[in-house]
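Reading through the structure tokens given below for one structure.
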Protein chains: 2
Amino acid sequence: MKQSVPAATVSRLPIYLRCLKDLSATQETCSSEELAQIAGVNSAQVRKDLSFLGSQGTRGVGYDVEELRRQLRTALGLDTEYAVAIVGAGNLGSALSNYDGFGTWGFEVVALFDTDPTKVGSEVGGHEVLPIDQLETVVTQRSVAIGIVATPAGSAQEVADRLVGAGVRSILNFAPTVLQVDQGVEVRRVDLSTELQILTFHLHTPAG
Amino acid sequence: MKQSVPAATVSRLPIYLRCLKDLSATQETCSSEELAQIAGVNSAQVRKDLSFLGSQGTRGVGYDVEELRRQLRTALGLDTEYAVAIVGAGNLGSALSNYDGFGTWGFEVVALFDTDPTKVGSEVGGHEVLPIDQLETVVTQRSVAIGIVATPAGSAQEVADRLVGAGVRSILNFAPTVLQVDQGVEVRRVDLSTELQILTFHLHTPAG
DNA sequence: TAGATTGTTAATCGATTAACAATC
DNA sequence: TAGATTGTTAATCGATTAACAATC
């Protein structure tokens, strides 16, 4: 793998991996053109993206599907097991706790926190809801690598600060806020209403 | 508003709107620098983005917060009420049905579909779960503008095809698949494992 | 060899941002 | 007027893609 993979490329790697999973059922080899088709991108882009992985396809043949999956998994760091903590056991936090896709990709939900005393102690998605006071302790003890913020907007920043303070360097933020974090902390934002509003922009804008 | 707003700008408009909501509590006017700060972008970018709305700030003063919010809402098409249908009443579909943020932004969930006979007829988030057979009828009758796909990956494409067939032109896809749709249909993809994998890429990649 | 497809270059395209004249 | 801040230009930066030599 070369030094610096462009952000746009990184965000496409998981998509390629997913597409290859489907392909692997039917074929041993695939061309950049095939992969591009199902991933919804240009084939030159596929080849360029894969070249960052030092990937070796075979001219005239294509890429070995299994080999490429292995390379993508390695590049994405999916050979390691990562501990995940979810903060907020409301609708979304509960849905996330019940999500069984974590294990598939080597993520383990090791804690689920909430402030609500009526929720603390109950079990959600196989996880006991812990009081938020234990955040620092648990994050440290379980070496939590990724924090998921599933709180209301009002508490998101404080939660993020505490996660970062406890050593978390990667945050997935479902709260409708832009988190302010130190350089070196990676935040990905997932917001339903933002997505809906982008759709409505195109819906109501005359062509485009 | 000028003819063509760049995609990158469109995706930032909802963020500005959100940030202004917070600001409006404390001040009547804000500079591009302030807005940039809380939105986490460059101030020149804020000014450029807002200029696409035909927005008129006041030199030496900044932007009128309320006026700008109004312009953003109009630009994003939030003056209209949009009917939304959710397909899939599992963990995620249920969480979405319970989400009370839809109303805030002028979205109305008019239907929730599932294939599971044990779910059909039950109530989730104030919505009766309808059998998937009724998809076309309901989409037409209620003029559904936005379809939310919250099914497993295996059924996502078929659901999308049916939504599009019934006239839906905007899809929010939570299933871990890349949907193939006709040109003119807008799809936004929200995928938890993609986001997690992007985080792990940066976690395990030595600096960058 | 002929056909297919990669890996990479170079051209293009689009997005970001520094800089500054305009102006409140 | 002096200070602040916009709106916009032009420079920069980065990402996409057409094209093609290399080669299986």
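- Side chain of B:Asp114 to main chain of B:Lys119: no donor-acceptor pair is present (N/O by atom type, distance under 3.5 Å, no hydrogens or angles).
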Q: Let me have DNA chain D in dot-bracket notation, would you? Count Watson-Crick plus G-U wobble pairs, both distances under 3.5 Å, and use [ ] for pairs crossing earlier ones and | for inter-strand partners.
A: ..||||||||||||||||||||||
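- The side chain to side chain contact (heavy atoms under 4.5 Å, CB included) with A:Val87 is formed by just one residue from the set A:Thr115, A:Leu112, A:Thr151; it is A:Thr151.
- Judged by distance alone, the side chain of B:Arg162 and the main-chain N or O of B:Ile132 form a donor-acceptor pair under 3.5 Å.
- With sequence neighbours excluded, no residue forms a ring-ring contact (aromatic ring centres under 6.0 Å, His included) with A:Tyr82.
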Q. If the sugar-phosphate is the primed atoms plus P, OP1 and OP2 and the base is the rest, what is the B/S/- string for nucleotides 16-23 of chain D, using protein heavy atoms under 4.0 Å?
A. SBBB--BB
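- Of the residues in residues 15-35 of chain A, A:Ser31, A:Ser32 come within less than 4.0 Å of DNA chain C through at least one heavy atom, sorted by number.
- With sequence neighbours excluded, the residues forming a side-chain hydrogen bond (donor to acceptor under 3.5 Å, both in side chains) with A:Arg69 are A:Ser24, A:Glu66, listed by chain and number.
- Using a 3.5 Å distance cut-off with no hydrogens or angles, the side chains of B:Asp161 and B:Gln157 do pair a donor with an acceptor.
- Although no hydrogens or angles enter the test, the distance criterion places a donor-acceptor pair under 3.5 Å between the side chain of B:His204 and the main chain of A:Thr74.
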Using atom types as modelled, flag every donor-acceptor pair under 3.5 Å from a side chain in residues 166-179 of chain B to any protein atom, sequence neighbours excluded.
residue	atom	partner	partner atom	Å
B:Asn173	OD1	B:Ala175	N	2.9
B:Asn173	ND2	B:Ala175	O	3.3
B:Asn173	ND2	B:Thr177	O	3.0

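- Distances shorter than 4.0 Å separate some side-chain N or O of A:Tyr63 from OP1 or OP2 on C:dG7.
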